[in-house]
Structures are given as structure tokens and as C-alpha cells.
Amino acid sequence: MFITTITGNKGDMIMDMAQINQLVGTIDGFVWGPVMLILLVGTGIYMTVSLRFLTWRNLPYALKSVFGHDARTTSRGNGDVSPFSALMTALAATIGTGNIVGVATAMFAGGPGALVWMWLSACFGLSTKFSECMLGFKYREVNAKGEMKGGPMFTMKNGFKNRKAGLVMGTLFAFFAVIASFGIGNMTQANSISTAVQTTFGISTTIVGAVLTVLTLAVIVGGITSISKVSSVVVPGMAAFYILAGLLCIAINYENIPHGLYLILMMAFDPSAVEGGVVGTITVSVMNAVRFGVARGCFSNEAGLGSAAISAAASTTDRPARQGYISMTGTFIDTIVVCSITGLTIASSGVLGTLGADGKPLTGVGLTMAAFSTHLGVVGSYIVSIGIILFAFSTILGWEYNGEKAWEYLFGTHKYNIIYRVAFSLVVFVGATQTLDLVWNLSDIANALMAIPNLISILVLSPVIKEEVFSFQEVIRQEKAAKKALAHEAANESVKI
């Protein structure tokens, strides 16, 4: 087959590429099948219960930590960037096209009920994200330049009692992380940007690709410091803008919210409760809702994939558990907040199941654009396009850092990082100007193969995680008591005055 691809005529080549795409798609469906989803969600459930639901109970504390002053300082402990900057770098890699396109795809393929399963996967994903980021910080190292390097590969290398197993699994994770960084973290994001710009503004993909390449290299050449600075501006700014726009759409459609929520909740557990024809040509089952909801939820917030742990390792803080709590808020922000805005906007707009100009049901970015445009008009399409552009660009930056540290692990030195940075920037141009069906599927497979060793390491090192969590609980208690005492003292002073 492959000889025909090289020497045969054009028709044979197209047919062979179609066969390759079909094969890769089959493998992709297998690796993201029931076994993988059970491992992802099962690990989250196990860790949530093992940690006595402290990741849920301490979520308010974690959110206060993120938005407090301490998260923005570098005076507590050693590291390269502040805890807030580390979180924004991780969010840069997770808040991307999945929050706009992925949610719409899940709701089309799995029905509105897929959103419920995204929420449930995120709830248990809090514990998974906490665990991998806490371990990534705990077992990090310092390279010859004095920069932090960490993540699941170092967790396995330094945390496993069986050193050989740790090295093998760490190498596998790093290898697949590098592949994923060029695929889902680079080419597919660049392609989303160039497509959005060409569709909305009419600028050619070649020009977009060239500009993206220059901008990417200009940012990543400065390493984690410059990446985190850009991410700390772009991520919260764009997220706030997108959330406000989505809330406006939902508010305008307030009369449809009850029906939208009804569809979401009922079709998550009992599709037969909804009369036929409500969602047009979409065929829905509970299994589809579970599959697409869980898969897209985990794919969007990356809980279990281990990539966020690489950024967490660069943080300046004093305790692994503290960074774990800060990092896990990324799952909450990504799925519970941003993905929910997209999902509720689509559900309340009534566009799910409608046909496009080509006579086919709207899906992906077209579905999200239609939802935002229902009451905002053409402005809605611009909002979605700008969201894709900025979210996808921040994803490129965040994934570059993840891939670079995996690359550094494979070579055992930082000396070749510049090669990775240049190659990564050039691949941006390829992604922006080429069709990428095969790349999407290969990236999906690489993500799954990253997750497997990472999830295994979480389960193996669960005793270490529990020890850190339970010992840090006393620190949380003392901090709350100190704040309460200060508030009480301030109240007494005000009474005296």
C-alpha cells in the first residue's frame, strides 16, 4: 500500500491516504474508548474519595488563593514564575479551541446531555489535576541554567521506587508529549486561527501563517518568563471577554433557559424523555452523551494528561499541595466556567440541530457562531472568531513550554532547546496553511498515550499525595484562623474608633 502511495498515480495516492486516515481514526477511537475513559474518570473518582473529598471542600480556598496577592508574588519558595503565572501558562495550554469548537462538537455528537458529563468529569478531574500538579512540583529538578524542570516524566523518574520503570515510563510520556506539542498544541491551533481569520476577515492563510510564526518565535525565545507574561494578560482578558459575551447571549435568551437546561439534564440520563424532533436530525443515546461529554471534558481541561504539571513545576511556592490547589482551579475555570458558557449559549439559543447553508446540520465552530449570532447578529460571529484566535494562540504558547521541557528531558540537557523552539515556530506555518485531518487524529492518540503513564503514576504515588494533602490541611486551618483573628482585631479597632 505504501509503495503505491509513493510510485502510483494520484488516484491511488488519495485512496491510500484515505485508508491511512481511516486506520488512524480507528486507532484514535480505540485509545479514547471505554477503557481510556474509565481510567481517566476512575482515577479521578478514586483520588477524590481517597483524599476525603478535600479537593472539593477546599475549592473555595483554592480560588481565593488564585485571586489573592500571594499567588502573584515570588517571595515564597523557589521557582521561575509566580503561582498565578504558572497557572495562566497551564490555562493557556488548556483554554483553547476545545472550549469553543469541542463543546459544540460534543453537544452535536452526544446531544445536549454531553454537557452534564463534561461537568461530572471536571468535578472528579479536580483531584486528578491536583495530584499530577502537586507531584510535578514535588519531584521537579533544576537544570544547568538554574531553571526549574518538572512534570510527570520527572515524577516517574524521581518518585518511583523501581527506577527502571520510572525512567521507561517517563521517557514514554515525554516522547508522546513532544508529538502532541507539535500536533494538538501547534498545528491544529494554527490551522484554527488561519481558518477563522480567513473566514471572518478574508486574509490569506499564508499571511496568517507567516505572522503567527514570527509572533510565536518572538514570545517563546524568552522561555517561561516571556510565555507566562503574555499568558497572564491574554488568558484572563480573553476569558473574561468571552464569558461576558456568552452571559449576554444567555441573558437575551432568558426565556429559553429552562427548556435548554431541561434538554441538557434529561438527555444526559434519559433521552427517551424528550419527544422526537426536538433536536432535529441528531440521534442521541446515553452512551454517546457519556462518551463525548467525558472525552471532550478531559480533552478540554487536560486533567489526567499531565501537561499542566509541567507548568506547575515552574511555580514559586513553598508547598507542593499549595501549588496543587492553585493548579486544580484550572479545571474549574476551563470546564465549569468557560465550557459551560459555550454549552448554555448553544442550548438556550435553539440552534442545536438546525441546518446550515449546505443543508447539513451545524456542528463545531459553525454551531457556536450560530448560537452567538442568534441575538448578537454578525457581532456574535466576530466574538467567536476573536475568541478562537486568542485562545488558540495562547494554547500554542502554553504547549510550547510543555513540549520544550519534555524535549529537554529526552536529551538530558537544555542545550538543544533552541532547536525545538525554532522547529516549533516553523511548524506553526505548516499548520496554518495545510489541511490537518490526519494530524488531529494522531494528536488525539498522542494525548491518550501521554495520559496512560501519567494516570498510572498518580495511582502508584497516591500514598505520597495523601500524605501531602492531609499534612497541608493543618496549614490551611492555621491560615484561616490567622485571617479570622486579623478580621476580629480589625473589627475591634473600628469599634474603638
Side-chain angles (χ1 to χ4, degrees), residues 70-90 92-93 130-161 163 166-175 177-178 181 219-229 231-232 306-327 397-421 424 453-454 457-458 461 464-465 467-468 472:
D70 289 346
R72 290 168 172 76
T73 65
T74 55
S75 59
R76 177 186 281 162
N78 299 315
D80 298 327
V81 295
S82 70
F84 179 80
S85 295
L87 173 63
M88 289 303 107
T89 302
F130 171 90
S131 299
E132 63 192 18
C133 292
M134 190 279 288
L135 292 172
F137 182 91
K138 181 178 178 65
Y139 292 110
R140 66 184 182 173
E141 297 179 3
V142 181
N143 67 16
K145 292 177 64 178
E147 297 173 340
M148 295 297 172
K149 54 180 182 178
M153 55 277 196
F154 290 97
T155 294
M156 298 167 206
K157 173 189 171 186
N158 300 324
F160 280 21
K161 291 181 179 179
R163 301 284 291 179
L167 286 170
V168 171
M169 289 181 62
T171 299
L172 287 173
F173 175 88
F175 175 73
V178 170
S181 72
V219 175
I220 67 176
V221 74
I224 183 61
T225 303
S226 60
I227 291 173
S228 65
K229 285 181 179 178
S231 299
S232 295
S307 54
I310 299 175
S311 302
S315 174
T316 301
T317 193
D318 58 343
R319 297 286 293 266
R322 190 187 302 278
Q323 185 56 43
Y325 279 121
I326 290 174
S327 295
L397 299 181
W399 262 101
E400 189 284 331
Y401 180 73
N402 296 338
E404 180 179 310
K405 288 305 172 183
W407 174 278
E408 184 176 336
Y409 177 89
L410 292 174
F411 285 95
T413 176
H414 69 281
K415 294 179 180 179
Y416 305 115
N417 286 2
I418 187 63
I419 297 175
Y420 176 86
R421 293 176 184 178
F424 188 89
N454 179 56
S457 72
I458 290 174
L461 296 171
V464 176
I465 298 169
E467 182 182 352
E468 288 284 348
F472 189 70

Atom pair CG/OG of N402 and S311 - distance to nearest 0.5 Å: 4.5 Å

Listed partners of E468 passing salt bridge (charged side-chain N to carboxylate O under 4.0 Å, His left out), at least two apart: K138

side-chain contact (heavy atoms from CB on, under 4.5 Å) partners for L410, two or more places apart: T171, A174, V178

Minimum-distance pair of heavy atoms, taken over all atoms of I465 and S131: CD1-CB, 3.5 Å

Which atom of V464 lies closest to which atom of M134, heavy atoms considered: O-CE, 4.3 Å

Set of residues satisfying side-chain contact (heavy atoms from CB on, under 4.5 Å) with respect to S457, sequence neighbours excluded: M156, F160, N454

Contacts of A177 that satisfy side-chain contact (heavy atoms from CB on, under 4.5 Å) - sequence neighbours left out: F173, A406, M450

side-chain contact (heavy atoms from CB on, under 4.5 Å) against Y416, all qualifying residues, sequence neighbours excluded: W407, F411, T413, I419

Y420-S181 side chain donor-acceptor pair, cut-off 3.5 Å: yes

Any donor-acceptor N/O pair, S228 side chain to T225 backbone, under 3.5 Å: yes

Sequence-distant partners of R140, salt bridge (charged side-chain N to carboxylate O under 4.0 Å, His left out), two or more places apart: none

Side-chain donor-acceptor contact under 3.5 Å, Q323 with S315: yes

Set of residues satisfying ring-ring contact (aromatic ring centres under 6.0 Å, His included) with respect to F154, sequence neighbours excluded: Y409

Pairwise distance OH(Y401) to CD1(I310) - rounded to 0.5 angstrom: 8.0 Å

Sequence-distant partners of F175, ring-ring contact (aromatic ring centres under 6.0 Å, His included), two or more places apart: none

Where L87 and I326 come nearest, the two heavy atoms and their spacing: CD1-O, 3.6 Å

E141: side chain to side chain donor-acceptor pair (under 3.5 Å) partners, not counting sequence neighbours: K157, N158

Minimum heavy-atom distance between I224 and A314, given as atom pair plus value: CG1-CB, 4.3 Å

Residues 144-152, side-chain donor-acceptor partners within the protein, below 3.5 Å, at least two apart:
residue, atom, partner, partner atom, Å
E147, OE1, N143, ND2, 3.3

Side chain proximity check, T316 to S82, heavy atoms < 4.5 angstrom: no

With Y325 via ring-ring contact (aromatic ring centres under 6.0 Å, His included) - residues at least two apart: F130

Qualifying salt bridge (Lys or Arg N to Asp or Glu O under 4.0 Å) pairs with a residue from residues 409-421, counting only residues at least two apart or across chains: E404-R421

